[in-house]
Amino acid sequence: MQNLMTRRFTTREKILLLLLIVILLVGLYFFLVYYPIKKDLEEIDQQKLDVAEKQDIADIREGIYDKMQAELEEIFKMPEDQITTMPDYDNVEDLMRKFNVIFEGTKYTLSFSVEQAKDGIVTRPIQFTFRADNYEKAK
């Protein structure tokens, strides 16, 4: 029996070993180089799309802001007597007329609290109580 380390390989064995080494190298290349780089490139492409979308949104917002700024500048260039302001809105009289029609024949109390502003929304809490002689009138 010959020693395996000193034995000479046949041409067929050399070709098979070379083929095995090439397959291993190609496999290592794909698993250690190609797939990680491909994954990183896909992530970068996704990040580019996200950044482009954010840029589009920022451009739209900038356009809206510029338009509003131009409108404000145009308004402030107007003479004082031409600038109109939003009138105070108070619908108490209309509301009272409607309540008088709805609650005809009943006794009710309606009290308005002071306006409250929160997050740019102005509200006015209302406390409303009424009494009716029977269920049919209340209904």
Side-chain angles (χ1 to χ4, degrees):
M1 183 185 265
Q2 290 183 5
N3 188 355
L4 288 177
M5 297 306 282
T6 58
R7 179 172 101 66
R8 295 205 176 248
F9 292 110
T10 65
T11 308
R12 181 174 184 242
E13 290 172 334
K14 288 179 186 176
I15 292 173
L16 288 174
L17 278 174
L18 186 63
L19 208 58
L20 178 65
I21 290 172
V22 168
I23 290 172
L24 284 174
L25 287 176
V26 169
L28 285 174
Y29 169 78
F30 272 99
F31 286 112
L32 297 177
V33 177
Y34 179 76
Y35 287 126
I37 289 175
K38 182 179 176 185
K39 181 182 163 199
D40 290 344
L41 287 174
E42 287 172 356
E43 288 176 6
I44 290 171
D45 287 341
Q46 184 60 43
Q47 289 174 355
K48 283 170 43 178
L49 290 174
D50 292 343
V51 168
E53 184 178 325
K54 288 179 182 177
Q55 180 66 39
D56 291 342
I57 291 170
D59 290 342
I60 291 169
R61 285 184 178 168
E62 181 184 21
I64 292 170
Y65 176 80
D66 290 343
K67 180 182 173 190
M68 290 182 350
Q69 193 67 30
E71 289 174 1
L72 283 175
E73 288 174 5
E74 186 178 315
I75 289 171
F76 288 130
K77 286 180 184 176
M78 297 172 80
E80 279 290 323
D81 59 340
Q82 289 183 356
I83 296 177
T84 58
T85 58
M86 179 181 269
D88 292 335
Y89 180 72
D90 191 3
N91 66 344
V92 173
E93 290 181 26
D94 293 334
L95 191 63
M96 294 306 290
R97 275 190 235 116
K98 288 179 183 176
F99 279 146
N100 283 333
V101 170
I102 293 171
F103 296 104
E104 187 176 345
T106 62
K107 297 176 183 173
Y108 67 90
T109 346
L110 186 64
S111 60
F112 295 90
S113 300
V114 180
E115 297 91 8
Q116 299 173 354
K118 182 178 180 184
D119 297 330
I121 298 173
V122 179
T123 59
R124 177 186 284 177
I126 298 172
Q127 184 173 7
F128 179 77
T129 56
F130 74 96
R131 291 179 190 235
D133 297 333
N134 56 40
Y135 179 76
E136 287 303 314
K137 281 190 177 181
K139 188 177 168 185

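Remember, predicted model here, so these are calculated numbers, not experimental data.
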Exercise. Do you reckon Leu20 sits in the same ILVMFWY cluster as Phe30, going by side-chain contacts under 4.5 Å, direct or chained?
Worked result: no
For this session: Check whether any side-chain N or O of Glu13 sits under 3.5 Å from a backbone N or O of Thr10 as a donor-acceptor pair, and report yes or no.
Result: yes
Exercise. If you round to the nearest 0.5 Å, how far is CG of Asp45 from CG of Asp50?
Worked result: 11.0 Å
Exercise. Does some side-chain heavy atom of Leu49 sit less than 4.5 Å from a side-chain heavy atom of Gln46?
Worked result: yes
Problem set entry | ILVMFWY network linking Leu25 to Tyr29, side-chain heavy atoms under 4.5 angstrom | no
Exercise. Does Val22 share a hydrophobic cluster with Tyr34, counting links as ILVMFWY side-chain heavy atoms below 4.5 Å and allowing steps through other members?
Worked result: yes
For this session: Go through the steps to decide whether Lys54 and Val51 satisfy the test side-chain contact (heavy atoms from CB on, under 4.5 Å), and finish with yes or no.
Result: CA-CA 5 Å; Lys54 288 179 182 177; Val51 168; 5.7 Å; no
Exercise. Got more than 12 heavy atoms from elsewhere within 6.0 Å of CD, Glu93?
Worked result: no
Seminar exercise, completed: So OG of Ser113 and CZ of Arg124: to nearest 0.5 Å the spacing works out to 9.0 Å
For this session: May I ask you to check whether over 12 heavy atoms, not counting those of Glu115, lie within 6.0 Å of atom CD?
Result: yes
Exercise. Do Arg97 and Asp94 have side chains that get closer than 4.5 Å, going by heavy atoms?
Worked result: yes
Exercise. CG of Leu16 to CD1 of Ile23: how many Å apart, nearest 0.5 Å?
Worked result: 9.5 Å
Problem set entry | Parallel, tilted or perpendicular, as decided by the 30° and 60° cut-offs, for the rings of Tyr35 and Phe31 | tilted
For this session: Find the distance between CD (Gln55) and CD1 (Ile60) and round it off to the nearest 0.5 Å.
Result: 10.5 Å
Problem set entry | Distance-minimising heavy-atom pair for Pro125 and Val114 | CD-O, 3.7 Å
Exercise. Are Val33 and Leu41 grouped together when hydrophobic residues (ILVMFWY) are joined by side-chain heavy atoms under 4.5 angstrom apart?
Worked result: yes
Problem set entry | Gap separating the CD atom of Glu71 from the CD atom of Glu74, nearest 0.5 angstrom | 7.5 Å
For this session: Determine, stepwise, if the pair Glu43 / Asp40 fulfils side-chain contact (heavy atoms from CB on, under 4.5 Å).
Result: CA-CA 5 Å; Glu43 288 176 6; Asp40 290 344; 4.2 Å; yes
For this session: To the nearest 0.5 Å, tell me how far Glu73 CD sits from Asp66 CG.
Result: 9.5 Å
